[in-house]
K.L.:
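First, the structure itself, so that you have it in front of you.
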Amino acid sequence: MKKTISRIILSALILSLTLSLLSCAGDKKEQARGRTISYTYFNTTSSLTVVGDIEDATLEAYLDESKKLLGYYHRLFDIYFDYSGMNNLRTVNGKAGKEPVKVDAELIDFLEYCKELYTLTGGKTNVMMGAVLQIWHNHREDAEYDPTAASVPAMEELFEADKHTSIDSLVIDREAGTVYITDPEASIDVGAIGKGYATERLYERLKAMGADSVALNIGGNIRTLGLKPGGEGWETGITNPDKTSADFATIISLGRTACVTSGDYERYYVVDGTRYHHIIDPDTLMPAAYFSAVTVITEDSGLADALSTALFCVDYDRGIEMLGKIDAKVDVIWITRDGRLIKTDGIVEIGG
Ligand code: ADP
Ligand code: MG
């Protein structure tokens, strides 16, 4: 069995952000500090933190809902496995150039959003990059298997694959309830958006269940529901990409929002001393080399996820330009490759 299995979309174990709750005033110390339940669905470590009074049964219900919903999206977005009774992205990829595939409305909604995000990010976050990403993926897997044989993909191979990454080859027919990839060589990879999108759907579900004072950390995608009792923000440590020094590059306070990081320090392999990480600039077809990490704070977790990948693939000026075209309020922390921290005005730092 290929080791790719551990790399399934939604299962990337990237805890790029660590949610750390500090105690707040209150006589019930444990409640003030919060109760964090960590759970794993497939390979992703996630957690749900609740601060304040909550019945055990209610907490249990939140947890059940989390596992159910995340499990569903995991299966839906999976490009490596089939699941009985469901047409997922693997089914759609397998039928590329052959025929449209009938899928759940949830997948239609998601892929339509991915197309919007393609436009919004000027093509930098492109879910149709499967052909190119697969090449990098295979090289990374081979290097993990045998580091001495680690190699960089040949440019010709990447250029060839790049001919099969057109967003227009993804044809969505909402009325018929189908998705069709017109190019037989093209494939979908939603690694850049899927986890954030699923996190946002979970946020909506828990909100409808009445959840408040809850923080979700879904494999590094943070989404808060309300504030902590007393109106306090959520303290969140932003991982220091240079792991040899401090754990956190900074600690910030989050309101009702999402917070997602893309970084070069979690999934990579090394060839001749050079790191090759997993975020590929669609214009160079190489790992993007502008920053070590980009953190995006905006209300919608799906948007935050897509933007963190896109902003990682452009320099600061083009990033600011991209942000100018986005309707939502977005704050960003860029960490440069030499360890400098650049941030937008809305970032509330509480320590370092
Ligand atoms: P993380 O994996 O840490 O959540 P990202 O959200 O930046 O990081 O997503 C990276 C993943 O997205 C990669 O593993 C790959 O599957 C996919 N990907 C990489 N580069 C791009 C890109 N430019 N556009 C779309 N998807 C990408
Ligand atoms: Mg992303």
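Small disclaimer: the values here were computed from a predicted structure and weren't measured. Counting starts at 1 for both ligands and their atoms, in listed order.
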K.L.:
Going by the atom numbers of ligand 1, which of them fall below 4.0 Å from some non-hydrogen atom of Leu133?
P.N.:
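The atoms of ligand 1 under 4.0 Å from a heavy atom of Leu133 are 15 (C), 17 (C), 18 (N), 19 (C), 20 (N), 26 (N), 27 (C).
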K.L.:
If the plane angle is over 60° it's perpendicular, under 30° parallel, otherwise tilted; pick one for Trp136 and Tyr276.
P.N.:
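It falls in the parallel class, under 30°.
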K.L.:
Considering the heavy atoms of Ile279, write down every atom of ligand 1 situated less than 4.0 Å from one of them.
P.N.:
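Contacts of ligand 1 toward Ile279, numbered from 1: 7 (O), 19 (C), 20 (N).
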K.L.:
Number the atoms of ligand 1 from 1 as they appear, then name those within less than 4.0 Å of a heavy atom of Met129, with their elements.
P.N.:
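Those atoms are 22 (C), 23 (N), 24 (N).
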K.L.:
Only heavy atoms of Thr125, strictly under 4.0 Å: list the atoms of ligand 1 that pass.
P.N.:
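So the answer, numbered in order with elements, is 24 (N).
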K.L.:
Pick whichever of His278, Met128, Arg140 has a heavy atom sitting closest to atom 19 (C) of ligand 1.
P.N.:
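Checking each option, the heavy atom nearest atom 19 (C) of ligand 1 is found in His278.
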K.L.:
For Lys195, take its heavy atoms, then give the atoms of ligand 1 lying under 4.0 Å from any of them.
P.N.:
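What qualifies from ligand 1 is 4 (O).
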K.L.:
Would you check the N or O atoms of Asp305, main chain and side chain alike, for any that come under 3.5 Å of an N or O of ligand 1?
P.N.:
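Such a contact does occur with ligand 1.
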K.L.:
For the pair Asp305 and Arg223, find out whether any cationic side-chain nitrogen is under 4.0 Å from an anionic carboxylate oxygen.
P.N.:
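Between Arg223 and Asp305 there is no salt bridge, as every charged N stays at least 4.0 Å from the carboxylate O atoms.
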K.L.:
Should Arg90 and Asp78 count as an ion pair when the cut-off is N to O under 4.0 Å?
P.N.:
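Between Asp78 and Arg90 there is no salt bridge, as every charged N stays at least 4.0 Å from the carboxylate O atoms.
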K.L.:
Would the number of heavy atoms belonging to other residues, nucleotides or ligands and lying under 6.0 Å from CZ of Arg174 be above 12?
P.N.:
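Result for CZ/Arg174: enclosed.
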K.L.:
Report yes or no: do Ser47 and Ser38 form a side-chain donor-acceptor pair below 3.5 Å?
P.N.:
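No, no side-chain donor-acceptor contact under 3.5 Å.
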K.L.:
Whether Lys68 and Glu65 form a salt bridge (side-chain N of Lys/Arg under 4.0 Å from carboxylate O of Asp/Glu) is what I want to check.
P.N.:
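Answer for the salt bridge query: yes.
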K.L.:
For ligand 1, which atoms sit closer than 4.0 Å to a heavy atom of Arg267?
P.N.:
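Under 4.0 Å from Arg267, ligand 1 has these atoms: 2 (O), 14 (O).
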K.L.:
Got Val132 and Asp189 here, is their nearest side-chain heavy-atom distance under 4.5 Å?
P.N.:
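A side-chain contact is absent here, since even the closest heavy-atom pair is not under 4.5 Å.
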K.L.:
Considering both backbone and side-chain atoms of Ser262, is one of its nitrogen or oxygen atoms within less than 3.5 Å of a nitrogen or oxygen in ligand 1?
P.N.:
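Checking ligand 1 against Ser262, an N or O pair does fall under 3.5 Å apart.
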K.L.:
Could you please tell me which protein N, O or S atoms lie under 2.8 Å from the Mg ion (ligand 2)?
P.N.:
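Within the sphere that stays under 2.8 Å of the Mg ion (ligand 2), the protein atoms of type N, O or S are Ala192 O, Asp305 O, Asp305 OD1, Thr309 OG1.
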K.L.:
Using a strict 4.0 Å cut-off to heavy atoms of Lys124, name the atoms of ligand 1 that fall inside it.
P.N.:
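Here the atoms of ligand 1 in question are 22 (C), 23 (N), 24 (N).
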K.L.:
Show which atoms of ligand 1 fall inside a sub-4.0 Å distance from at least one heavy-atom site of Pro282.
P.N.:
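Numbered from 1, ligand 1 contributes 23 (N).
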K.L.:
Can you tell me which residue among Val50, Ile54, Val51, Thr224 is in a side chain to side chain contact (heavy atoms under 4.5 Å, CB included) with Val214?
P.N.:
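The side chain to side chain contact (heavy atoms under 4.5 Å, CB included) with Val214 is passed solely by Val50 among Val50, Ile54, Val51, Thr224.
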K.L.:
Considering residues, nucleotides and ligands other than Asp146, do more than 12 of their heavy atoms fall under 6.0 Å from its CG?
P.N.:
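Counting other residues, nucleotides and ligands, CG of Asp146 exceeds 12 neighbours.
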K.L.:
Please determine whether a side-chain nitrogen of the Lys or Arg among Arg201 and Glu204 lies less than 4.0 Å from a carboxylate oxygen of the Asp or Glu.
P.N.:
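Answer for the salt bridge query: yes.
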K.L.:
Fit a plane to each ring of Tyr197 and Tyr73, take the angle between them on a 0 to 90° scale, and name the class: parallel (under 30°), tilted (30 to 60°) or perpendicular (over 60°).
P.N.:
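Judged by the thresholds at 30° and 60°, the geometry between Tyr197 and Tyr73 is perpendicular.
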